[in-house]
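Some notes on the structure that comes next.
Numbers for residues simply follow the sequence, beginning at 1.
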Amino acid sequence: MNAPSSTYGLSREARNLHWLLANLVEEVPGVRSVVVVSTDGLMLLSSDTRHHAAAAAADPSVQDGPKGSSADLATIVSGLGSLTLGAAKLMDAGGVKQTMVAMDEGSLFVMSISDGSLLGVHATPDCDMTVVAYHMALFVGRAGHVLTPELRNELRRSLEHAQ
């Protein structure tokens with residue numbers, strides 16, 4: 001699988017993160033959409049490409065994420081991450097590693113990345129939760145050590161130029 005064409009001009013590390021994210025969506029059954037959100041709540045990476053947006057525009061019933069928008073998923077992931085972090089502090093329970101919400105029509109997973117960023121996955125209700133969590137942990141393990149402040153800035157800029 002090749003990295004999306006939107007990665008042209010990005011550093012090798014940024015292209016690798018895009019590839020890992022695309023691989024998570026394409027290879028893990030039941031995954032609808034994925035985002036990486038920085039500690040300040042800004043989206044760094046998204047599986048929502050222009051192709052998905054065009055498909056959703058052509059057929060409103062096509063949804064890759066909440067309301068078909070990665071921005072909505074990023075907002076939800078950021079809010080849920082903040083809520084669980086606050087709960088952990090009140091309970092003196094340490095850091096939050098993973099949060100999972102099972103709903104009638106889908107599942108939401110949020111996993112902490114070592115730099116404080118969050119990986120969020122929106123999946124189908126029939127997904128194998130252990131498989132999704134395992135692949136998220138693989139992503140986090142591979143992404144955590146490369147998400148430097150410089151790379152986060154590069155990813156933010158690339159999203160701004162894509163819009």
If you take all heavy atoms of [X] and [Y], which pair is closest and at what distance?
X	Y	answer
Leu44	Leu155	O-CB, 3.5 Å
Ser107	Pro125	OG-CA, 4.3 Å
Val36	Ser117	CG1-CB, 4.4 Å

If I take atom [atom1] from residue [X] and atom [atom2] from residue [Y], how far apart are they, to the nearest 0.5 angstrom?
X	Y	atom1	atom2	result
Leu73	Ser47	CG	OG	7.5 Å
Ser70	His122	OG	NE2	13.0 Å
His135	Glu27	NE2	CD	8.5 Å
Leu24	Ser33	CG	OG	10.5 Å
Leu108	Met103	CG	CE	5.5 Å

Please list, one pair per line, the donor and acceptor atoms closer than 3.5 Å that link side chains of residues 136-149 to other protein atoms, with sequence neighbours excluded.
from	atom 1	to	atom 2	distance (Å)
His145	ND1	Arg142	O	3.3
Thr148	OG1	Glu150	OE1	3.3
Thr148	OG1	Leu151	N	3.1

Under 3.5 Å: donor-acceptor pair, side chain of [X], backbone of [Y]:
X	Y	result
Arg15	Leu10	yes
Ser78	Ala74	no
Glu154	Ala14	no

Item to check | salt bridge (Lys or Arg N to Asp or Glu O under 4.0 Å): pairs with one or both residues in residues 100-129, sequence neighbours excluded | outcome: Asp115-Arg152

What about [X] and [Y], same hydrophobic cluster or not, with Ile/Leu/Val/Met/Phe/Trp/Tyr joined at side-chain heavy-atom distances under 4.5 Å?
X	Y	result
Val131	Val34	yes
Leu42	Leu21	no
Val121	Val96	no
Met111	Met129	yes

Next on the checklist: Side chains of Ser38 and Arg156 only: does a donor on one sit below 3.5 Å from an acceptor on the other?
Outcome noted: yes

Donor-acceptor pairs under 3.5 Å, side chain of residues 81-89 to any protein atom, not counting sequence neighbours: which ones?
from	atom 1	to	atom 2	distance (Å)
Thr84	OG1	Leu80	O	3.0
Thr84	OG1	Gly81	O	3.1

Next on the checklist: One pair to check against side-chain hydrogen bond (donor to acceptor under 3.5 Å, both in side chains): Gln98 and Ser112. What are the steps and the verdict?
Outcome noted: CA-CA 6 Å; Gln98 180 177 340; Ser112 298; over 6 Å; no

Checklist entry - Stepwise, does the side chain to side chain contact (heavy atoms under 4.5 Å, CB included) test hold for Val28 with Val25? => result CA-CA 6 Å; Val28 181; Val25 173; over 6 Å; no

